[in-house]
Amino acid sequence: MKQVSAVCELVNHFGQGTVVVENKQYTIPGLLLGETAIVELQDNFKGIIVKIQKASPSRVKAPCPKHDECGGCQLQHMSYELQLELKTKQVKDALERYHLDSSVLLPTLGMKDPFFYRSKVQMAISEKGPKVMAGFYEENTHKIVNVDRCYIQDDIANNIIRTSRQLMTKHKIKAYQEDKELGLIRHIMVKRSPTTSQVLVVLITQEEKFPGRNNFVTDLRLAHPEITSIVQNVNNRKTSVVLGDFERILYGSGKIEDELLGKRFGISAKTFYQVNHRQTSLLYQKAIELAKPKKEDIVLDAYAGVGTIGILFADIVKKVIAVEINPQSVTNAIQNAKLNHVNNIRFYKDDAISFLSHLADEDAKFDIIVFDPPRSGLETNFIQELTRLKPKKIVYISCEPMTLARDLQVIVDSGYELKRVQPVDMFPQTFHVESITLLSLK
Ligand code: SAH
């Protein structure tokens with residue numbers, strides 16, 4: 001392989017440096033803008049750093065010892081200020097690519113302490129000889145990198161997973177081996193509320209039969225009295241989706257409650273809930289601040305999850321209608337409204353597109369429509385129904401700038417003005433960025 005000294009002239013959205021050698025561009029993970037390094041070039045237009053000759057002032061030593069191997073964090077070698085700048089640029093570039101007005105974009109809102117923030121932790125379990133391992137897949141592979149302490153995960157969750165590994169060895173419970181189709185435990189998930197301190201542990205198994213289950217559960221609770229519920233989830237499919245359909249509660253109620261902005265939200269194993277607690281408060285506060293809801297407003301929350309955004313809006317406005325497709329989320333959402341004595345919200349279990357289509361047929365009127373769809377963004381039909389409903393304001397929360405910008409272009413072309421885009425850093429140390437966008441009817 002060829003080694004050359006090169007200067008990094010660009011950093012892409014994934015935080016990877018790029019260098020140009022003999023008119024060919026190579027991606028060099030870990031290289032920062034302006035740095036000079038000896039790099040080893042590979043055939044696939046990628047390269048690796050051999051030695052940094054001139055380091056950027058924004059380079060920091062990644063605190064996690066597994067940073068170079070693990071695919072989970074991509075930006076730990078960057079100062080946090082630079083990470084935030086990169087994220088703002090990522091959103092700006094996406095907007096400009098779709099010919100949208102990027103002057104409405106604000107700088108990304110960061111965290112004070114951008115480590116140990118994930119309150120939902122999910123680790124793949126495997127074995128190496130007698131050792132049980134828990135970790136993440138190496139970038140672009142199916143190889144698991146063992147991680148004893150993940151620097152972006154809640155540390156109590158880190159400890160629970162470490163104990164679980166020891167107890168698997170003690171009780172001779174095998175990790176599932178994909179290639180041999182042998183063993184039992186595939187993943188362990190921990191959800192913890194930093195405000196109520198409740199902890200839910202989910203053991204994802206290959207089959208329902210779980211010899212040693214009672215002893216394992218007893219020992220885990222003894223070692224971690226902070227655990228408030230344990231659930232077994234069975235997933236025997238060959239898939240990268242972590243959770244299966246069947247669930248059995250092994251201890252507690254099968255859910256936890258979290259307190260956020262003065263409200264309480266019940267969360268189950270299968271329901272979506274934002275993972276960064278501190279930033280979620282900020283995200284929702286900013287969404288409300290931008291939307292400026294009024295007492296007489298009628299609001300629609302599409303992709304409602306366990307009802308967080310809808311319930312927070314309901315406190316301010318006249319009425320909220322919410323739609324969500326996952327039945328467990330809808331059950332949580334209805335209970336959450338009751339738990340918070342919020343009576344002016346109604347949840348519907350439906351597909352967002354068909355629900356909006358019915359509403360538009362009935363000529364329903366909304367002042368604000370707020371939505372936070374999955375990463376893939378909105379389907380064209382959703383935008384069609386949305387613009388048929390003609391709300392005065394649209395609040396679009398998105399975790400993927402490219403699909404956001406793609407969708408915004410269509411919404412703007414249908415008669416809306418782009419008012420504000422506010423990125424919020426929900427996922428420090430990674431290249432992911434969440435944004436809140438406000439649009440208003442022209
Ligand atoms: N607004 C919530 C949830 C956002 S996550 C929050 O901030 O916590 C996106 C949600 O969209 C998930 O709960 C998912 O189950 C739901 N969803 C995915 N596809 C959907 C569809 N076609 N119709 C309605 N909801 C959908």
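All values below were derived from every heavy atom in this structure, side-chain atoms included, with hydrogens, water molecules and symmetry-related copies excluded. Order of appearance sets the numbers: ligands from 1, and atoms from 1 within every ligand. Numbering of residues begins at 1 and proceeds along the displayed sequence.
- The protein non-hydrogen atom at the shortest distance from atom 18 (C) of ligand 1 is Pro374 CG, 3.6 Å.
- Taking the six-membered ring where the residue is Trp, Phe431 and Phe14 present perpendicular rings, their angle passing 60° and hence far from 30°.
- Taking atom 4 (C) of ligand 1 as the reference point, the nearest protein heavy-atom neighbour is Asp372 O, 3.4 Å.
- The side-chain hydrogen bond (donor to acceptor under 3.5 Å, both in side chains) test with Gln429 singles out one residue from Gln74, His67, Gln83, and that residue is Gln83.
- Here Ala304 has backbone heavy atoms under 4.0 Å from ligand 1, and that is the only part of it that gets that close.
- Heavy-atom proximity to Asn326, at under 4.0 Å, picks out these atoms of ligand 1: 15 (O).
- In terms of protein heavy-atom proximity, atom 1 (N) of ligand 1 is nearest to Tyr303 O, 3.0 Å.
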Q.
side-chain hydrogen bond (donor to acceptor under 3.5 Å, both in side chains), that's the test. Do Thr108 and Thr88 meet it? Break it down for me.
A. CA-CA 6 Å; Thr108 305; Thr88 311; 2.7 Å; yes
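- Closest protein heavy atom to atom 23 (N) of ligand 1: Ala352 N, 2.8 Å.
- Scanning the protein heavy atoms around atom 15 (O) of ligand 1, the nearest turns out to be Glu324 OE2, 2.6 Å.
- Nearest heavy atoms, Asp372 versus Tyr303: O-CB, 3.5 Å.
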Q: Before giving the answer on side-chain hydrogen bond (donor to acceptor under 3.5 Å, both in side chains), spell out for Ser440 and Tyr416 the whole-Å C-alpha distance, their side-chain angles and the decisive distance to 0.1 Å.
A: CA-CA 5 Å; Ser440 70; Tyr416 280 83; over 6 Å; no
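- For the pair Asp351 and ligand 1, a heavy-atom separation below 4.0 Å is found.
- Of all the atoms in ligand 1, the ones that sit under 4.0 Å from a non-hydrogen atom of Phe272 are 3 (C), 4 (C), 5 (S), 6 (C), 8 (O), 13 (O).
- Both tests do not hold together for Arg406 against Tyr98: distance to the six-membered ring centre under 6.0 Å, angle to the ring axis within 45°.
- Contacts of Phe382 with ligand 1, taken as heavy-atom pairs under 4.0 Å, are absent altogether.
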Q: Report the C-alpha distance between Ser268 and Asn332 in whole Å, list the side-chain angles of each, state the deciding distance to 0.1 Å, and finish with yes or no for side-chain hydrogen bond (donor to acceptor under 3.5 Å, both in side chains).
A: CA-CA 8 Å; Ser268 306; Asn332 281 169; 3.1 Å; yes
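- When the heavy-atom distances from atom 20 (C) of ligand 1 to Ile353, Ile325, Leu378 are ranked, the shortest goes to Ile325.
- Within ligand 1, counting atoms from 1 as listed, the ones closer than 4.0 Å to a heavy atom of Tyr284 are 6 (C), 7 (O), 8 (O).
- The shortest separation from a heavy atom of Asp350 to ligand 1 is under 4.0 Å, placing the residue in contact.
- Inspection of the Gln206 and Arg186 side chains reveals an N or O donor paired with an N or O acceptor under 3.5 Å.
- Within the structure, the closest approach of Phe355 to ligand 1 does not fall below 4.0 Å when heavy atoms are considered.
- Counted by atom type alone, Arg192 and Gln198 present zero donor-acceptor pairs between their side chains at under 3.5 Å.
- When non-hydrogen atoms are compared, ligand 1 lies under 4.0 Å from the side chain of Ile309 (C-beta onward) but not from its backbone.
- Geometric assessment of Arg149 against the ring of Tyr151 yields a positive cation-pi assignment under the 6.0 Å and 45° thresholds.
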